[in-house]
Amino acid sequence: MWKIFSTKSLNICLVSLCRVKQLKKAELVLIDGIKLGILPDVVTYNTLIAGYCRLLGIDTGYSIIGRMKEAGIHPDIITYNTLLSSACRSRLVSRCLDLFEEMLEEGIFPDIRSYNILMHCFLKSGKPDEAYNVFKDIFLKEITPSPGTYNIMINGLCKNGYVDNALRLLRTLQRNGFTPGVVTYNILIDGLSKSRKHRRARGLLKEMLEAGQSPNAITYTSVMKSCFKNGMLEEGLEIFSEMQKKGYTFDGFAYCTVTGALLKGGKVKEANECIGNMFKVGIDLDMVCFNTLVNIYCKEGKFEDALKLLGEAEERGLQCDDYTHSILIDGLCKVGCIKLAQKYLKNMKMLGLETNLVAMNSFIDGVCKHGHIDHALQVFESMKVKDAFTYSSIVRGLCRAERYKLAAKLLHSCVTKGAQILRSDKKAVMRGLRYSGSLAEAKKFQKNIRLAKILYY
DNA sequence: TTAGGGTTAG
């Protein structure tokens, strides 16, 4: 039982209960407190608003303001910033603007946090121009920006695809006396890495070290992933070993990233060793770890072991997900067990996991590669959602079956859907049409693809 | 109010 002696202890108790999602209990404690003569204050209500917003949404949180006013307590800047954060979490831009207006009507002036949240909301909603107006407004109103102000803007620019502008903003800020911290560097290193600007990301890491900032687990993860993405396996592994030395591999994240990269590079033995090391250090296995291990077994063709392992995962109360099914179906298709893969596909649908596009794509690819193009076409036609992978597999299958005209038609319709096609697929279709004597068709196909790219990309 | 993240397909 909670012992409440004062409003302060009441508030501490409410914070704890909201944190563990016990809103009903929090309300009961509040009533008990009032019965004992301990009256709630603005902090009490702000705590409740934060809890309700997080667990039941902004409308329920906002309704607390009425109760607050009935109790004779006026909302303050923290009340409104809490509501603003909730609106921002749900990307409710107009709600944020309404709250800003309401604050002013109530005589509460937005502080730097309010502006940061509004700016963040615009950026999260893909409106960098509006966010930049808020950013300028902060300076016009002579409000002192916080490091968060700069980081939110830089991060938002990166996330909206303006990494170069983000970097330019950093340089301007530096010229005006801003010293970037580890968060700023991490934002930009990750932004550059994800925009395939690996060298510039490494350059910034160097600059960060020279500036005396210590990289943390986030910095290392971003750089390591960038190495793997750019085919620099060895360099990525070196970073992983540095992470291990520094104690940044306390969970399964880095181990699974490295194992995945090793498997992609065909290094099954090394992948096995990596996941083995994860077991040795006693990391708790979650479903992603199990999926990673199942992937190794599938690559080795050990399907029985994979299924045994999944039984173990279930015993631990873990549930197979889309990844599990994709890995199994892909593994089975790759070794030609199409019927068994089809059984798993059915099983997956029975479990209500119908929209597993990756599993469907693996299936189509497997069916094509094992020479059953008509079966693959049947599945292809039945699919409501298709992506670039679906088209690529079926086009390759059609080329293998020397059905170039249909391949050309489908590749063209892939472009008209705005999906990227592989140069190798286009080349295979072109070559096929030419060698099979359809020179006019080949020319027409090339022209159509060019045109479609202009129209749909 | 601000940073990263693992596993699947062509």
Side-chain angles (χ1 to χ4, degrees), chain A residues 81-82 84-85 88-89 96 111-121 123-124 145-156 158-159 180-191 193-194 215-226 228 243 248-249 251-261 263-264 271 274-275 278 283 286-296 298-299 321-331 333-334 356-366 368-369 387-397 414 419-422 424-425 428:
Chain A
N81 283 348
T82 307
L84 279 168
S85 307
C88 176
R89 263 197 303 276
C96 272
D111 63 1
I112 187 59
R113 287 187 183 203
S114 329
Y115 281 100
N116 287 352
I117 300 165
L118 181 63
M119 206 170 71
H120 190 202
C121 190
L123 289 163
K124 267 177 86 171
S146 63
T149 314
Y150 302 130
N151 290 337
I152 291 168
M153 194 66 214
I154 292 172
N155 183 41
C158 287
K159 294 281 186 300
V182 63
V183 176
T184 323
Y185 279 113
N186 283 351
I187 290 168
L188 280 159
I189 287 171
D190 192 61
S193 299
K194 284 187 179 144
N216 59 17
I218 297 176
T219 330
Y220 281 110
T221 310
S222 296
V223 179
M224 184 176 73
K225 280 200 77 181
S226 179
F228 290 146
M243 283 179 83
Y248 290 151
T249 48
D251 54 22
F253 276 84
Y255 285 100
C256 290
T257 314
V258 173
T259 307
L263 281 179
K264 279 199 182 99
C274 180
I275 209 101
M278 187 178 82
I283 283 169
D286 60 7
M287 200 58 224
V288 179
C289 297
F290 274 103
N291 285 342
T292 308
L293 200 50
V294 166
N295 196 17
I296 295 181
C298 286
K299 293 273 186 294
D321 56 13
D322 276 347
Y323 281 89
T324 325
H325 292 101
S326 304
I327 292 165
L328 276 175
I329 289 164
D330 184 60
C333 284
K334 288 242 176 4
N356 192 335
L357 187 57
V358 177
M360 291 302 289
N361 288 346
S362 289
F363 185 69
I364 288 211
D365 194 61
C368 282
K369 278 183 181 148
D387 66 1
F389 283 85
T390 332
Y391 281 94
S392 178
S393 290
I394 200 82
V395 165
R396 282 168 187 227
C414 178
Q420 293 286 334
I421 57 166
L422 296 179
S424 57
D425 289 352

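Proteins get letters first, then strands, A, B, ... in listed order; numbering begins at 1 in each.
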* Could you tell me whether the phosphate oxygens of B:dG10, OP1 or OP2, come under 4.0 Å of any side-chain nitrogen or oxygen in A:K264? => no

* Asked: Which part of the nucleic acid does A:A359 contact within heavy-atom distance under 4.0 Å: base, sugar-phosphate only, or nothing?
  -> nothing

* To do: Give the nucleotide from the list B:dT1, B:dA9, B:dG6 with an atom nearest to the side chain of A:F389.
  => B:dA9

* A:D322 CG - B:dG6 P separation (whole Å) -> 16 Å

* Out of B:dG5, B:dA3, B:dT1, which has the shortest distance to the side chain of A:N216? -> B:dA3

* Any side-chain N or O of A:K225 less than 4.0 Å from the OP1 or OP2 oxygen of B:dG5? -> no

* Determine whether any donor atom in the side chain of A:D286 lies under 3.5 Å from an acceptor atom in the base of B:dG6, or the reverse, and answer yes or no. => yes

* Look at A:K299 and B:dT7 and indicate whether a side-chain polar atom (N or O) is within less than 4.0 Å of OP1 or OP2. => no

* Structure fact -> With the side chain defined as heavy atoms from C-beta on, A:L422 is closest, among B:dG4, B:dG10, B:dT1, to B:dG10

* Hey, is the side chain of A:D251 pairing donor to acceptor with the base of B:dG6 inside 3.5 Å? -> no

* Structure fact -> Taking B:dT7, B:dG5, B:dA9 as options, the one with an atom nearest any side-chain atom of A:T221 is B:dG5

* To do: Determine whether A:C333 and A:D365 make a side-chain contact, defined as any pair of heavy atoms from C-beta on separated by less than 4.5 Å.
  => no

* Asked: What nucleic acid atoms does A:N81 come within less than 4.0 Å of, heavy atoms only: base, sugar-phosphate, or nothing?
  -> nothing

* Asked: Will you find, in the side chains of A:T149 and A:S146, an N or O donor that is under 3.5 Å from an N or O acceptor?
  -> yes

* Is any side-chain N or O of A:N151 closer than 4.0 Å to OP1 or OP2 of B:dA3? -> no

* Asked: What's the closest nucleotide to the A:D330 side chain, out of B:dG6, B:dT7, B:dA9?
  -> B:dA9

* Asked: What does A:C333 touch in the nucleic acid at a heavy-atom separation under 4.0 angstrom: a base, only the sugar-phosphate, or nothing?
  -> nothing

* Asked: Contact class for A:R396 vs. all strands (heavy atom < 4.0 Å): base, sugar-phosphate, or nothing?
  -> sugar-phosphate

* Answer yes or no: does a side-chain N or O of A:K334 lie under 4.0 Å from OP1 or OP2 of B:dG10? => yes

* Spacing of A:M278 atom CE relative to B:dG6 atom P, expressed in whole Å -> 15 Å

* To do: Using distance alone, with no hydrogens and no angle criterion, decide if A:N361 and A:D330 have a side-chain donor and acceptor under 3.5 Å apart.
  => no

* Asked: Looking across every strand, which nucleic acid part, if any, lies under 4.0 Å from A:S392 by heavy atom: base, sugar-phosphate, or nothing?
  -> base

* Look at the side chain of A:T292 and the backbone N and O of A:V288, then say whether any donor-acceptor pair between them is shorter than 3.5 Å. => yes

* Sidechain-backbone polar pair: A:T257 side chain, A:F253 backbone, donor-acceptor under 3.5 Å -> yes

* **Touch class at under 4.0 angstrom, heavy-atom based, for A:S326 against every strand present** => base

